[in-house]
Amino acid sequence: MMHQQRSEPHLSPSGDTEDIVAILAPRLAYFAGVARTEHVTRAAQEMQVPQSTLSRAMVRLEHDLGVDLFARRGRTVSLTPAGRTFLASVERALAEIERAADEVRADADPATGKVAFGFLHTMGSETVPGLIRAFRADHPRVRFSLVQNYGEAMIERLRSGELDLCLTSPVPDAPDLVARRLDEQKLRLVVPADHRLASRRRIRLAEAADETFVTLEPGYGLRRITDDLCQQAGFRPRVAFEGEEAETLRGLVAAGLGVALLPPPAVARPGVVELTVTAPRAAREIGVAWLDGHPDTPPVAAFKKFLLSKRGTLLPD
């Protein structure tokens, strides 16, 4: 059976997709309600809208599509073949919208919502697990989406809305971000166990000017700090290897491939000696950042407050 084609449809098949969606979307739930009940009056009662509003919406929808969706017999209607085809897609679309609405409501729930939290790789073995354990003592059902990355990548994910908060270093200074310093972490010069400096406990960084360094790749906050400290010490580091993770660098040092400026390890690694740097002052600030003006859900607000309460005690002494 061929369905009746209306003349002069409001929407052109080549029309802009955003225009089509903006015109059709408000009427889809009305259409599904009428299709389900096959009765305009009953559908209007169920959806709590005036019958006249519903009738006009269906007429306008058919006009915009240029296709008859209903065969009418008084206030009783039945779907045309075109209406049945359209209904199948509309029901899938409405179900997906309902699923998305349920998901965002669940993520914002004060008791069971979700926090998207980013942090540096070096914070992942002890610091972040300890923070989450302490937070969940009072918020046992809050869920976390955890992302480990380097600072600049996490800042971009904040800006894109993928993260709510991140622990990073250096503490960012940007007009679209809010950042708070939480703590600082001393850096050590890590040398092989059989290195000429391994018998020392303290060192001025200038004494390592002739050494080969292993560092993180450009773009990592720790790499920028390493370059700055070496510059303050009067030299530019000669870099032999670049990596993406601090413990990998420790392994390279243990293998005798260079020295590195690194934060303390979670667990002592054999094959290396870690020296206190007396000059220049070798430390990195750790801070929490979030997007300025971005509204917080209750679980995000609670975790942000918790992190700010850790100012000065975030890291072990």
Side-chain angles (χ1 to χ4, degrees), residues 115-137 144-154 163 165-171 180-195 197-198 200-203 205 208 213-217 219-226 229 241-278 281-289 303 306-317:
V115 179
F117 182 44
F119 52 92
L120 301 168
H121 289 284
T122 51
M123 304 276 105
S125 60
E126 287 192 343
T127 301
V128 168
L131 286 171
I132 293 176
R133 182 178 62 246
F135 176 74
R136 282 171 63 98
F144 282 83
S145 174
L146 301 177
V147 174
Q148 289 179 271
N149 217 321
Y150 65 98
E152 290 184 7
M154 286 193 294
L163 292 177
L165 304 163
C166 72
L167 281 183
T168 189
S169 178
V171 180
R180 297 288 183 267
R181 180 186 182 277
L182 296 180
D183 214 336
E184 74 169 23
Q185 187 175 50
K186 292 181 180 179
L187 303 178
R188 301 169 178 174
L189 184 70
V190 185
V191 303
D194 59 356
H195 192 273
L197 298 172
R200 301 273 296 276
R201 295 184 61 188
R202 294 177 175 80
I203 188 173
L205 190 56
F213 278 72
V214 296
T215 71
L216 296 180
E217 295 177 349
Y220 284 70
L222 187 56
R223 170 62 180 271
R224 187 159 67 249
I225 292 169
T226 295
L229 288 172
F241 296 92
E242 296 176 333
E244 297 180 345
E245 203 274 322
E247 288 311 302
T248 300
L249 299 187
R250 266 194 179 81
L252 294 173
V253 173
L257 299 175
V259 302
L261 276 169
L262 296 173
V267 178
R269 183 178 188 125
V272 300
V273 174
E274 310 215 357
L275 308 178
T276 298
V277 179
T278 59
R281 187 171 183 276
R284 64 172 181 171
E285 291 188 335
I286 306 294
V288 59
F303 189 59
F306 170 79
L307 288 176
L308 294 175
S309 75
K310 297 297 179 181
R311 194 177 281 120
T313 61
L314 181 74
L315 303 171
D317 294 333

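Since this is a predicted model, take the numbers as computed values, not measurements.
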Qualifying residues under side chain to side chain donor-acceptor pair (under 3.5 Å), relative to [X], sequence neighbours excluded:
{"X": "Thr215", "answer": "Arg223"}
{"X": "His121", "answer": "none"}
{"X": "Arg136", "answer": "none"}

Test salt bridge (charged side-chain N to carboxylate O under 4.0 Å, His left out) applied to [X] - qualifying residues, sequence neighbours left out:
{"X": "Arg180", "value": "none"}
{"X": "Glu244", "value": "none"}
{"X": "Arg284", "value": "none"}
{"X": "Glu126", "value": "none"}

Distance-only criterion, 3.5 Å: show the donor-acceptor pairs between side-chain atoms of residues 146-153 and protein atoms not counting sequence neighbours.
none

Using the ring pair (Phe, Tyr, Trp, His ring centres under 6.0 Å) rule, take Phe144 and Phe303 through it: C-alpha gap first, then chi angles, then the decisive distance, then the call.
CA-CA 10 Å; Phe144 282 83; Phe303 189 59; 4.9 Å; yes
Of the options Leu222, Val190, Leu205, which is the one that meets Leu261 in a side-chain contact (heavy atoms from CB on, under 4.5 Å)?
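By the side-chain contact (heavy atoms from CB on, under 4.5 Å) criterion, Leu261 pairs with just one of Leu222, Val190, Leu205: Leu205.
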By the definition side-chain contact (heavy atoms from CB on, under 4.5 Å), identify the one residue from Leu252, Val273, Val259, Val272 that meets it with Pro192.
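Testing each of Leu252, Val273, Val259, Val272 against Pro192, the sole residue satisfying side-chain contact (heavy atoms from CB on, under 4.5 Å) is Val259.
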With side chains defined as the heavy atoms from C-beta onward, is the minimum distance between Asp183 and Thr313 less than 4.5 Å?
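Not touching, per the 4.5 Å side-chain cut-off.
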Could you tell me if the side chain of Arg200 sits less than 4.5 Å from the side chain of His195, heavy atoms only?
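They are not in contact (no side-chain heavy atoms under 4.5 Å apart), so the answer is no.
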For the [atom1] atom of [X] and the [atom2] atom of [Y], what is their distance to the nearest 0.5 Å?
{"X": "Lys310", "Y": "Leu167", "atom1": "NZ", "atom2": "CG", "result": "12.5 Å"}
{"X": "Glu184", "Y": "Leu315", "atom1": "CD", "atom2": "CG", "result": "9.5 Å"}
{"X": "Met154", "Y": "Leu163", "atom1": "CE", "atom2": "CG", "result": "7.5 Å"}

side-chain contact (heavy atoms from CB on, under 4.5 Å) assessment of Leu275 paired with Arg188:
CA-CA 5 Å; Leu275 308 178; Arg188 301 169 178 174; 6.0 Å; no
Can you name the side-chain contact (heavy atoms from CB on, under 4.5 Å) partners of [X], sequence neighbours left out?
{"X": "Pro170", "result": "Arg224, Ile225"}
{"X": "Thr278", "result": "Arg202, Arg204"}
{"X": "Ala134", "result": "Phe306"}
{"X": "Glu247", "result": "Glu245, Arg250, Pro265, Arg269"}

Please name the pair of heavy atoms, one in Leu182 and one in Leu307, separated by the smallest distance, quoted to 0.1 Å.
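So the minimum-distance heavy-atom pair works out to CD2-O, 3.6 Å.
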Carboxylate-amine/guanidinium contact Glu274 Arg201, below 4.0 Å
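Salt bridge flag = no for Arg201 with Glu274.
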Check against side-chain contact (heavy atoms from CB on, under 4.5 Å), Ser169 and Leu120
CA-CA 8 Å; Ser169 178; Leu120 301 168; 3.9 Å; yes
